[in-house]
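Below is one structure; the comments refer to it alone.
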There are 2 protein chains.
Amino acid sequence: MAKQNTVFKDAFNRCLKLLEQTANLPSEPELGTTLGVSRTTVRAILTRLEEVGLLTWEKRRKVVLRKPLAADYFPTEETDSLSEIIERSFMRRILAGGAEPGMQINELELAREIGIGTTSVREFLIRFSRFGLIEKRPNSHWVLKGFTRDFALELTEVREMFELRSATAFARLPEDHPAWRELDAIEAIHHAILADIENRYRDFSELDERFHLLVHRASKNRFIVDFYDVIAIVFHYHYQWNKTNARERNARALEEHLAYIAALRSRDPIEIELACRQHLKSARETLLQSIN
Amino acid sequence: MAKQNTVFKDAFNRCLKLLEQTANLPSEPELGTTLGVSRTTVRAILTRLEEVGLLTWEKRRKVVLRKPLAADYFPTEETDSLSEIIERSFMRRILAGGAEPGMQINELELAREIGIGTTSVREFLIRFSRFGLIEKRPNSHWVLKGFTRDFALELTEVREMFELRSATAFARLPEDHPAWRELDAIEAIHHAILADIENRYRDFSELDERFHLLVHRASKNRFIVDFYDVIAIVFHYHYQWNKTNARERNARALEEHLAYIAALRSRDPIEIELACRQHLKSARETLLQSIN
DNA sequence: GATCTGTCTATTGTCGATAAAAGACAAAAC
DNA sequence: GTTTTGTCTTTTATCGACAATAGACAGATC
């Protein structure tokens, strides 16, 4: 195995989804754009579709023979890219299992445990190191700094600086900037979730990320936007792992978001600062609670 | 070549430096601590010292036979770690040669040009990507975003946020904190350089980094401290490459630093903010001038 | 009893090789 | 004349291998 073919498998599955709705396949370049892959991969997909009897394909003549069945899909485990697999596996280890701060991280051991080569693990660790949870000792091991209270405080300190500035910048966006329309859409989803909070409170996590990322983007500063990755990954795994009072916490956060959105619309710097601080304060408290 | 032996060569050279001063070598573990390498490397060094006739070595009995000569040293090109070589080579390419923003970066081409394997280049690019100058298109090439005016503005925006906060935190450090003594030392060097500015203005770059890093450390926030790497690398290469008016610019910056240091000592938040802003403003202007 | 040395093992850093995926270009089809 | 397909080349992602380096442990030396 030199390279995984997860791009192919994932795109193949998405192509099957398309086939469930329409029985017409467009040209190779167009299908490539739709699926976000190159023509090489599109052709691999078409070949496979022919092999499993879903399609006859000759030049421009593509005839769909039947609707895809569940068995036609590749299993989901096979469609995740290696880095996703490593990330999940690694986060589980350091969040769940006894992962003491100061612990050494062993590339070879990690690689063997996940069943992959060391190169991929190394590259993952290098990428991951910017999240501030691990640190390299050159020519020697990595050290786990751990998901500690200090980490959470340092993270939220920077987050608050960045988000206040971004929120202020947001208020200065011209009326016709697409961000305002996106804000409308996000607000509508907030109302929809709140209206059915019992069933939908779990949808908050994704919405939260979408909202805050929109705000951060208004800073038009790559360092601020990039830093949101750190926040996003921390909150992402935090939500997966700390479910106590999730319903109430999320309901409260949704309300705070609505106040925050209203403040942005008002374009009044003082109101914005108040609403933003209020929300970030409770986000910080939630995060800290889950640590101690 | 599986792994470079630059650690060995560099430590060997530093050991020769030691031998120029003293003719006594301590035990293996102690020498290891002094040189910052493992005993394995220390023993390799001792073996080599014996081979070139500088030493007789039997167990604890180490007898230095002669002073090291220039010819005993490994040439400096051989003591740089691969990542240093790649970094310099890469920075030269993107700062000097026609490096248009939007240009594609080719791993294989870079590797061949520097004469190293692709893995090292990949890892370098991944590490380097956090500086915001390049960006990865998965399964495809890297894109050079370039050392543009926008880059400089985004960088300095964050720098100013972080440094103001750090400077405020610095003023709150207890009187007996070692940072105050380090500040004294740094101030003394400022005076020394200013007193002989004609000859020593080139020493400013290193001092600048030392001073600002000290300030940033007071934030006790890993994200703020880590961000200083971005600033440092940018200014480091900037100083190497833009020498116009270097003497006057550095003299002015030294004076600003002294005012800034005095403000820190006063512990008055308003004075600190003034002095810090003043200095950061001219640092930004200097940087921007070199771009347009 | 603490420290040092000899010896051995474990781990990292780097390389070249290879399958997957991207992408270039000309001929073919509309 | 634009878009599509066939074919081919280039580049990335991943692996296993191996030298350099770190580090562990027991016996030797102070």
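Naming: A, B, ... by sequence-line order, numbering from 1 per chain. Not measured: the values here are computed from a predicted model.
At the phosphate of dT12(D), neither OP1 nor OP2 sits under 4.0 Å from any side-chain N or O atom of N139(B). At dT11(C), none of the side-chain N or O atoms of K136(A) fall inside 4.0 Å of OP1 or OP2 (strictly under the cut-off). Distances shorter than 4.0 Å separate none of the side-chain N or O atoms of N5(B) from OP1 or OP2 on dG13(C). At least one side-chain nitrogen or oxygen of S140(A) sits closer than 4.0 Å to the OP1 or OP2 atom of dG23(D).
Considering K9(A), K17(A), R66(A) in turn, R66(A) is the only one that fulfils the salt bridge (charged side-chain N to carboxylate O under 4.0 Å, His left out) rule with D72(A).
The backbone N or O of L35(B) lies less than 3.5 Å from a partner atom in the side chain of R14(B), making a donor-acceptor pair. No donor-acceptor distance shorter than 3.5 angstrom exists from the side chain of E78(A) to the backbone of P75(A), with no hydrogens or angles considered. With E28(B) contributing its side chain and R39(B) its backbone, the two residues share no donor-acceptor pair below 3.5 Å.
Here dG23(D) presents its P atom at 12 Å from CG of N106(A), a figure rounded to the nearest Å. Computed from coordinates, the R122(A) CZ to dA13(D) P distance equals 17 Å when rounded to whole Å. Between the C1' atom of dG13(C) and the CD atom of E107(A) lies a distance of 9 Å, rounded to the nearest Å. Note: CG (L35(B)) to C1' (dA20(D)) measures 17 Å, nearest angstrom. The distance from atom CZ of R137(A) to atom P of dA20(D) is 25 Å, rounded to the nearest whole Å. We find that CG of D80(A) is positioned 16 Å from C1' of dA13(D), with the value rounded to whole Å. Nucleotide dA20(D) holds its P atom 13 Å from the CZ atom of R48(B), rounded to whole Å. In this structure, I45(A) atom CD1 and dA21(C) atom C1' are separated by 11 Å, rounded to whole Å.
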Assign a letter to each nucleotide of nucleotides 3-9 of chain D from its 5' end: B, base within under 4.0 Å of a protein heavy atom; S, sugar-phosphate only; -, no contact. -BBBB--

Between the protein and nucleotides 15-17 of chain D, list every N/O to N/O distance that falls short of 3.5 Å.
| unit_1 | atom_1 | unit_2 | atom_2 | d |
| --- | --- | --- | --- | --- |
| dC15(D) | OP1 | G117(A) | N | 3.3 |
| dC15(D) | OP2 | G117(A) | N | 2.8 |
| dC15(D) | OP2 | S120(A) | OG | 2.8 |
| dC15(D) | N4 | T119(A) | OG1 | 3.3 |

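Annotation: cation-pi geometry satisfied between R159(B) and F235(B) (NZ/CZ under 6.0 angstrom from ring centroid, within 45° of ring axis).
The environment of CD in E182(A) is crowded: more than 12 heavy-atom neighbours from other residues, nucleotides or ligands sit within 6.0 Å.
Residue I105(B) is in sugar-phosphate contact alone, with no base atom involved, counting any heavy-atom pair closer than 4.0 Å across all strands shown. Using a 4.0 Å heavy-atom cutoff across all strands shown, K9(B) reaches no nucleic acid atom at all.
Applying the ring-ring contact (aromatic ring centres under 6.0 Å, His included) rule to pairs touching residues 44-68 of chain B yields nothing, sequence neighbours excluded.
Between I105(A) and F90(A), the shortest heavy-atom contact is CD1-CZ, 4.0 Å.
Classification of R130(B) and D229(B) as a salt-bridged pair holds, one side-chain N sitting under 4.0 Å from a carboxylate O. Here R93(A) pairs with E113(A) in a salt bridge; the nearest charged N to carboxylate O distance falls below 4.0 Å.
Residue whose closest nucleotide on DNA chain C sits further toward the 5' end, between Q104(B) and T6(B): T6(B). With DNA chain D read from its 5' end, the first of the two nearest nucleotides for T41(B) and W142(B) is the one closest to W142(B).
With hydrogens and angles left out, the side chain of K3(B) and the base of dT21(D) share no donor-acceptor pair within 3.5 Å.
For L108(B), the listed nucleotide lying nearest its side chain is dT12(D); candidates were dT12(D), dA22(C), dT12(C). If you check dA19(C), dT14(C), dA22(C) against the side chain of S38(A), the one that comes closest is dA22(C).
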